[in-house]
Enquirer: 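Structure provided below as structure tokens; questions to follow.
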Protein chains: 2
Amino acid sequence: MDLDLRKLRYFATVAEHRHFGRAAERLFIAQPVLSRQIKSFEQELGCKLLIRTTRSVELTAAGQQLYEEAQQILPSIAAAVRRVHDADQGVQRLAIAFSPGLYVADAIREFTSRHADVEIDLIPTRWWEPDRPLRDGRAQIAYLRRQFDESGLHIVPIGQDPRFACMPAAHPLAARQELSMADLDGERMLDVPNRRTSSIEEKFELIASGHGIALVPLSVARSYSRPDLAHLPVTDAPGIETCLAVATDRHDRVLRGFLETATAILRRG
Amino acid sequence: MDLDLRKLRYFATVAEHRHFGRAAERLFIAQPVLSRQIKSFEQELGCKLLIRTTRSVELTAAGQQLYEEAQQILPSIAAAVRRVHDADQGVQRLAIAFSPGLYVADAIREFTSRHADVEIDLIPTRWWEPDRPLRDGRAQIAYLRRQFDESGLHIVPIGQDPRFACMPAAHPLAARQELSMADLDGERMLDVPNRRTSSIEEKFELIASGHGIALVPLSVARSYSRPDLAHLPVTDAPGIETCLAVATDRHDRVLRGFLETATAILRRG
DNA sequence: CAGATCCATACCGTGAAGGTATCAATTGCC
DNA sequence: GGCAATTGATACCTTCACGGTATGGATCTG
């Protein structure tokens, strides 16, 4: 019924070396023991894993699949045990779910500088279900763009993320204090990432070299400031609403601390 | 050294019930056995997991952490074993990595209808490292926007995804059959999709409420059609290059089949 | 054909897991 | 306060899985 992790490790070593003798040596056990363990493992699983001749060891389809699974499972178990030991040493932990569209680096940097003892787990989510890790308990906080008000979640709007126009410092508009969307009419706007740029850095390269102007959220503008680029607030651009969702059943010190930090970040602008 | 999954299951059951007797009953073992196994488990891990009095059972911090880990580990192991059994029954499997910005549903639907015997694993990636699952063996195929030519990956451009202008249905241009980039001069263009700024849904909200026009790939236009939006092909807009990356070390029938399907999809338009 | 290589089998000792019987401690009732 | 009930821990026994050594059978090599 339970998968035996020791046997899984034995199997993974044999699969890696394709050789019982060398695998046994690596595992610090005698070769006959390894043969017997693998055989027993195959019986427990109910399927053959290895095709052995006296001169070669090959993987069956099931064996190949199990080998790939083992390469996921074994390190993840080791990491889990490490986290348990950390918790035993008093390390607090906060798992934050975020969709790729949301910029969380500032809040996390600020939070970790204040709470150096708290370990952060970043859990990437699929953008169409940003609340999933929250619901299945894998995260305590989730970043969302729009407002979910589904049951069991507590939504905390942490502010409008204002948008900035990013342009070359030499651009005529760069002398202004702020802009409106009307000022940008007729400007060449970069719809990135496009065929030439996919990284945000390349985007700023393009802007700096005069290929156009882009609208970016405050947090991006702040973290990519360079002397040859100007960022101007666009007063009437629709802000991007960012929310934090927290599960209703947990309200500890760490969680409250992060909410405060995240809110403060956006407020400060 | 190896975590004992049986003991982990025992512990998880005790943690769930907070009661040795009932947990033992659920596990179909005698209560003293359970007590001894938990004690042994704590010694193996090197930390206390439970605070027991004769009338109550509580979790320590380490115990709480381990309980959460167990809720991830145990189902994932069961799923892994299922996949191994599937593989043993001849079920082929294909893991596809994709960043949220890339639309893969059409290709997958088409592929599964042709290869009903192949199980698809969808692996969401962080957009800044879309090739990660490929490199660590968790996926056989990765969707990318731009051309990575890093070592060990084989890049297959599967075509230009033509771009459509998305605008309110009431917009003057919406009556046209097709557009050129010149027609869009002076229009307010929305700087999305930008993985750092906005969800797709929000983008279409903005467009519908008259805040601008956006260029979107065909696949996105097709899957987000709504009555108040119009999508018109832009004949001279540079297409968005979509690539598939495959690990160089695997070239089986299933993988080749998917490449063909994905290419055909984009060709058909 | 002889020797080397390599995996499998046979057999043995140790220890962990499961069982039953019972103890010790706390709670609750009278 | 004392007694019964509840609950987890301990003691002791049996079985079986895991480790070891010795050896067999098959295949490749010179």
Enquirer: Given atom CD of E44(A) and atom C1' of dC18(D), what is their separation to the nearest angstrom?
Expert: 12 Å
Enquirer: To the side chain of K39(A), which of dG8(D), dT9(C), dA17(C) is closest?
Expert: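 When the side chain of K39(A) is considered, dT9(C) is the closest of dG8(D), dT9(C), dA17(C).
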Enquirer: Crowded around R132(A) CZ? As in, over 12 foreign heavy atoms under 6.0 Å?
Expert: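 Counting neighbours around CZ of R132(A), 12 or fewer heavy atoms of other residues, nucleotides or ligands fall under 6.0 Å, so no.
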Enquirer: Could you tell me the separation between the CD atom of E58(A) and the P atom of dC6(C), rounded to a whole number of Å?
Expert: 15 Å
Enquirer: Whole angstroms only, please: what is the CG-P distance between L8(A) and dC18(D)?
Expert: 14 Å
Enquirer: Looking only at the side chain of R52(A) (C-beta and beyond, no hydrogens), which of the listed nucleotides dA8(C), dA17(C), dA9(D) gets closest?
Expert: dA8(C)
Enquirer: Give the rounded distance in Å between these two atoms: CZ of R18(B) and P of dG8(D).
Expert: 13 Å
Enquirer: So, E260(A) and R256(A), do they make that salt bridge, N to O below 4.0 Å?
Expert: no
Enquirer: Is K7(A) near enough to dC18(D) that one of its side-chain N or O atoms lies under 4.0 angstrom from OP1 or OP2?
Expert: yes
Enquirer: Tell me the interatomic distance from R22(A), atom CZ, to dC7(C), atom C1', rounded to whole angstroms.
Expert: 13 Å
Enquirer: Which nucleotide wins on minimum distance to the side chain of R36(A), given the candidates dC11(C), dA17(C), dA9(D)?
Expert: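 For R36(A), the side-chain atoms sit closest to dC11(C).
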Enquirer: Please determine, for the side chain of F20(A), which listed nucleotide (dA8(C), dA9(D), dG18(C)) has the closest atom?
Expert: dA8(C)
Enquirer: In whole angstroms, how far is the C1' atom of dT5(C) from the CD atom of E25(A)?
Expert: 14 Å
Enquirer: Rounding to a whole Å, what distance do you find between F41(A):CZ and dC18(D):C1'?
Expert: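 For the pair F41(A) CZ and dC18(D) C1', the rounded distance is 15 Å.
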Enquirer: If you look at every heavy atom in K7(A) and S40(A), which pair is closest and at what distance?
Expert: NZ-OG, 2.6 Å
Enquirer: For the pair made of CD1 in I38(B) and P in dG18(C), what is the distance, rounded to whole Å?
Expert: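 One finds 11 Å between P of dG18(C) and CD1 of I38(B), rounded.
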Enquirer: For S56(A), which contact category applies under a 4.0 Å heavy-atom criterion: base, sugar-phosphate, or nothing?
Expert: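 Nothing, no nucleic acid heavy atom in range.
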Enquirer: Just to be sure I understand the rule, does R6(A) reach a base, reach only the sugar-phosphate, or reach nothing, if contact means heavy atoms closer than 4.0 Å?
Expert: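 Sugar-phosphate: the residue R6(A), judged by heavy atoms under 4.0 Å, touches backbone atoms but no base.
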Enquirer: Quick check for you: among dG19(D), dG18(C), dG8(D), whose closest atom lies nearest to any side-chain atom of H19(B)?
Expert: dG8(D)
Enquirer: Counting neighbours of CD on E25(A) that are heavy atoms of other residues, nucleotides or ligands and sit closer than 6.0 Å, is the number greater than 12?
Expert: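 It does not: E25(A) CD has 12 such atoms or fewer within range.
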Enquirer: Of Y10(A) and Q31(A), whose nearest nucleotide on DNA chain D comes first from the 5' end?
Expert: Y10(A)
Enquirer: Where the side chain of P32(A) is defined as all heavy atoms beyond and including C-beta, which of dA22(D), dG20(D), dC7(C) is the nearest nucleotide?
Expert: dA22(D)
Enquirer: Any chance the side chains of Q64(A) and E68(A) put a donor and an acceptor closer than 3.5 Å?
Expert: yes
